[in-house]
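The figures here come from the full heavy-atom set of this structure, side chains too, leaving out hydrogens, waters and symmetry mates.
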Amino acid sequence: PIDLLINLSEKVVKMDADSEEVVAHILAKGILIEEGCKTMYREITQKIEERAPTLWASYQKMLVDEKWLGQIIRPEDLK
């Protein structure tokens, strides 16, 4: 399921979807808080880095943009 999520999301972005909105849905902090699924999100972020360069670039940009503070999962949230 994670591979499908990453592959499909990268393709959707390449079809002109807003990459930041896609990343915000994939890495929504609320789900991590609700479910506590750190292991799954570690795997998701690892696979985004390895296989989805467009999503990874957007995620890196979002990490320093105050607009997304508290909305997306940050690396320190997964420790």
Side-chain angles (χ1 to χ4, degrees):
I2 292 173
D3 288 329
L4 177 62
L5 170 68
I6 302 308
N7 293 334
L8 182 60
S9 297
E10 183 75 359
K11 287 183 187 335
V12 166
V13 167
K14 289 183 178 182
M15 293 171 53
D16 207 27
D18 183 322
S19 61
E20 289 186 354
E21 290 296 329
V22 173
V23 171
H25 284 288
I26 295 171
L27 297 175
K29 191 167 185 173
I31 295 177
L32 176 64
I33 292 168
E34 186 176 310
E35 300 291 332
C37 44
K38 289 183 180 183
T39 302
M40 180 183 74
Y41 277 110
R42 281 188 207 110
E43 185 176 349
I44 290 171
T45 56
Q46 176 187 2
K47 290 194 180 202
I48 289 173
E49 182 179 13
E50 292 171 359
R51 300 181 186 168
T54 307
L55 294 175
W56 186 252
S58 291
Y59 179 53
Q60 295 303 301
K61 180 181 167 194
M62 292 166 75
L63 289 173
V64 297
D65 186 343
E66 288 186 24
K67 170 185 173 184
W68 298 106
L69 189 61
Q71 295 184 43
I72 61 168
I73 296 169
R74 304 180 62 76
E76 57 267 19
D77 297 328
L78 300 176
K79 293 182 181 180

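- Taking Thr54 as the reference, Glu10 meet the side chain to side chain donor-acceptor pair (under 3.5 Å) condition, with sequence neighbours excluded.
- For Glu66, there are no side chain to side chain contact (heavy atoms under 4.5 Å, CB included) partners, not counting sequence neighbours.
- With rounding to the nearest 0.5 Å, the separation of CD in Gln71 from CG in Asp65 is 9.5 Å.
- In the hydrophobic clustering of this structure, Leu55 groups with Ile2; members are Ile, Leu, Val, Met, Phe, Trp, Tyr whose side-chain heavy atoms approach within less than 4.5 Å, directly or through other members.
- With sequence neighbours excluded, the residues that form a side chain to side chain donor-acceptor pair (under 3.5 Å) with Gln46 are Glu50.
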Identify each donor-acceptor pair in which a side-chain atom of residues 72-79 lies under 3.5 Å from a protein atom, sequence neighbours left out, and give them as a table.
from  : atom 1 : to    : atom 2 : distance (Å)
Arg74 : NE     : Glu76 : OE2    : 2.9
Arg74 : NH1    : Leu63 : O      : 2.9
Arg74 : NH2    : Leu63 : O      : 3.1
Asp77 : OD1    : Lys29 : NZ     : 3.4
Asp77 : OD2    : Lys29 : NZ     : 3.4
Asp77 : OD2    : Arg74 : N      : 2.8

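- Glu21 places no side-chain N or O within donor-acceptor distance of the main-chain N or O of Ala17, the cut-off being under 3.5 Å.
- Applying the salt bridge (Lys or Arg N to Asp or Glu O under 4.0 Å) test to every pair with at least one member in residues 40-49, sequence neighbours left out, gives these pairs: Asp3-Lys47, Glu43-Lys47.
- Under the side chain to side chain donor-acceptor pair (under 3.5 Å) criterion, Trp68 pairs with Glu20, not counting sequence neighbours.
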query: Run the side chain to side chain contact (heavy atoms under 4.5 Å, CB included) check on Leu27 and Ile48 step by step: do they pass?
result: CA-CA 11 Å; Leu27 297 175; Ile48 289 173; 4.3 Å; yes
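- With sequence neighbours excluded, no residue forms a side chain to side chain donor-acceptor pair (under 3.5 Å) with Ser9.
- Every residue was checked against the side chain to side chain contact (heavy atoms under 4.5 Å, CB included) condition with Ala57, not counting sequence neighbours, and none meets it.
- Evaluation of the ring-ring contact (aromatic ring centres under 6.0 Å, His included) test over residues 17-55, restricted to residues two or more places apart or in two chains, returns none.
- The OG1 atom of Thr45 lies 9.0 Å from the CD1 atom of Ile6; values are rounded to the nearest 0.5 Å.
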